[in-house]
Protein chains: 2
Amino acid sequence: MDSKKDIRIVDIARMAGVSIGTVDRVIHKRGRVSEESLKKVNAVLSMVNYSPNIFARSLVSKKNYKVVALIPQHSTDDYWMYISEGLERASEEAKSSGIAFERLYFNQYDRASFEKSIERLLTLDVDGVIIANFFSSEVVRISKALDVRNIPYVYIDANIEDQNPLAYFGTHSYDSGAVAARIISGRIGQKEDILIAKMFHNSKELSNQVLSRQKGFLDYIERSAFAGKIYYADLKIDAHIRNFEALDKIFDEQTGHSIRAAITFNSTCHVLANYLKVRDRKLTYLVGYDLIEKNKVLLKEGYIDLLIGQRPELQGYRALKVITDKLLLNLQSEKINYMPIDLLIKENIDYYQNL
Amino acid sequence: MDSKKDIRIVDIARMAGVSIGTVDRVIHKRGRVSEESLKKVNAVLSMVNYSPNIFARSLVSKKNYKVVALIPQHSTDDYWMYISEGLERASEEAKSSGIAFERLYFNQYDRASFEKSIERLLTLDVDGVIIANFFSSEVVRISKALDVRNIPYVYIDANIEDQNPLAYFGTHSYDSGAVAARIISGRIGQKEDILIAKMFHNSKELSNQVLSRQKGFLDYIERSAFAGKIYYADLKIDAHIRNFEALDKIFDEQTGHSIRAAITFNSTCHVLANYLKVRDRKLTYLVGYDLIEKNKVLLKEGYIDLLIGQRPELQGYRALKVITDKLLLNLQSEKINYMPIDLLIKENIDYYQNL
DNA sequence: AAAAATAGTGTGTTCGATAACACACTTAAA
DNA sequence: TTTAAGTGTGTTATCGAACACACTATTTTT
């Protein structure tokens, strides 16, 4: 265990009776080694537990790796901004080891823009790729291309079976929906009602992430003793007036309802919370996702009761970390990595750490 | 921002018009530098942003630091074991940089044993210390001794004002009590009762940690609309039969009670949960602290409803990390560091990550 | 006045891995 | 037979920081 006894290349060379140049060629598979030398060196290598001194290596190595992340365009205070922050932090740490990190943005609602990013990526000379998995068939395509070139890649957000990413980082959306359901059903009566607010972006379909959370939620509710009704509000991003009308309609006109809890399965809980704040309506329990600033403020003010966090920064950080560990140290990692499902309320949000 | 443009000692030497040896002497304050050279080098140093290449440094440096942690003896599956794991992990990472890490154990219920550990510590030639802050006046004493010797130290678990630790890592016990209160009071009726189980260790007093959690809990309850009663159960560690009797007494003999929720403010929630399991009594909500195995099992089985976690591993990890960052890179860090207050239920415990 | 100590400075070596380079051979083509 | 290309091997400069050491110039001690 003594770190001073670490075996060096020169030790191996001596043991094998060859020069350090030969050992180096064997280790790095650079060829130009005779059968005989190869055998001798490999024999020694299989005996001893050699791992290169990373300090010496990084010192000399002028090797520059380029890692590219394919992520959706995002605004500030957005789930993807937090992922991006995690990437940034990992990138800072790896910079001194010769890792250049770059982002390629695409429009998450436009498949064509994703394809364009892929094309661009393939023209770049990259050594590692992080892919936000929005368009599965395209991701499969690029994965195969990367497999051929032997370039490691990592998926974030969603996984795809039967591919060979170095790792996958994401959240277990289904179970996080179940978590929300468990908590809400503990807070309201069995015959009270629940409102699910769906936020649409330019009338496109909901993301898999959101659908999966909702499924986990509904499945749990179904199995439970819940006997109330579930109402749905279809909201549109940035359609302030229209959204208020839609919500008014549900709360005013739906006769006989007793909505006591509400949930949104994406980060737009603040829209609903803001509606309740403005209209001065009280619910027993309002649940949302993602610790974006707008949500945090409303949580602290008491208009949101629970936020479910998924550590986007950690996701980004670890995604890049896995690639740099692979490139620099040839380390393996866990294949499937789910982020924690964090529960944040007014009283513990100040202690939250996203990394 | 370009990592290749990092300034080296030779650059500084050239800029100052002296040799690298002189720059080195200035940087390391090793003396033997003329007024004139000193001024020239310092002028350059204040212009540029020099930070040594850690790879080159670690490669050449045979400097060995010794860091010692003063922590209480603990069994497996104990809060302090998890802190210890965090320390271990940080120690592994730092080993290759010449950091030797060692633990000194004391009996957390015996002041004299702590004093003895301090004495031992002072005989060792250490470069950094981590102190589990159990006995304040003794900790103040050793802190002053370390200040004199200019040895950095970090507090964990509890802080002391007016001292100069490099950093403090701990949990905000009071607020975590409030978190528990908020959640429990949301789950039971205003006139239902709460049981607080206190677990004593060899009839000694409760720890500050536990008292502070309880205070946070009670203060919140007081301010809330809660109108039920609070019962207390005084339990003794390992006194199985006696504990059952005490609990039987509360649940059976206290007439007219309606205890629906219970809480323990230390990691022994499993004792209470096990009692409820064996006696087949149902509560609406049982809350405990610390993600030790016994608690986790009972949470998954549904006998515990909520566990509050404080990331002991992270605490240990970061405590040592702060010291190694100081010793190796002379980095500063945040002074006061509270760990997150994690809320774990059956549905999200599988995704918990303690680091 | 000579010898010894000290201040101030620069040079050279070390750490371990890497890869360019030099050199000795072999084989194939001209 | 000469030339060119290719193979296998060992030697060596390099990365940047650290520090031992050698050297000169000055001061202090005998």
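None of the values given here were measured: they were computed from a predicted structure. Note on naming: letters A, B, ... go to the chains in the order of the sequence lines (proteins, then strands), and numbering restarts at 1 for each one.
A:Ser58 comes within 4.0 angstrom of nothing in the nucleic acid, heavy atoms only. Within the 4.0 angstrom heavy-atom criterion, no nucleotide atom of any strand lies near B:Ile27. Backbone-only engagement by A:Arg57 is indicated by non-hydrogen atom pairs under 4.0 Å involving sugar-phosphate atoms exclusively.
Protein atom CG of B:Asn330 is 12 Å distant from nucleotide atom P of D:dA18, rounded to whole Å. If you take CZ of B:Arg32 and C1' of D:dC23, they are 13 Å apart, rounded to a whole angstrom. Atom CG in B:Leu59 sits roughly 13 Å away from atom P in D:dC19 (whole-Å rounding).
Considering only the side chain of B:Ile20, C:dT11 comes nearest among C:dG10, C:dC15, C:dT11. When each of C:dT14, C:dG16, D:dT11 is scored by its nearest atom to the side-chain atoms of A:Ser19, the top-ranked nucleotide is D:dT11. Taking the side chain of A:Val18 as heavy atoms from C-beta on, and the options C:dG16, D:dA17, D:dG10, the nearest nucleotide is D:dG10.
In the interface, the side chain of A:Arg25 is paired with the base of D:dG10 through a donor and an acceptor atom under 3.5 Å apart.
Dashed line: the shortest gap from a side-chain N or O of A:Ser61 to OP1 or OP2 of C:dA17 is not under 4.0 Å. Within the structure, a side-chain polar atom (N or O) of B:Ser34 is placed less than 4.0 Å from OP1 or OP2 of C:dT9.
B:Thr324 and B:Tyr65 share no donor-acceptor pair across their side chains, judged by distance under 3.5 Å alone.
Ring pair B:Phe134/B:Trp80 is tilted by interplanar angle, where 30° to 60° counts as tilted.
Both A:Gly21 and B:Leu38 sit near DNA chain C, but only B:Leu38 has its closest nucleotide nearer the 5' end.
Under the 6.0 Å cut-off for aromatic ring centres, B:Phe135 and B:Phe114 qualify, their centroids lying closer than that.
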Using side-chain contact (heavy atoms from CB on, under 4.5 Å), reason through A:Ile142 and A:Ile131 one step at a time and then give a plain yes or no.
CA-CA 10 Å; A:Ile142 184 152; A:Ile131 308 170; 3.9 Å; yes
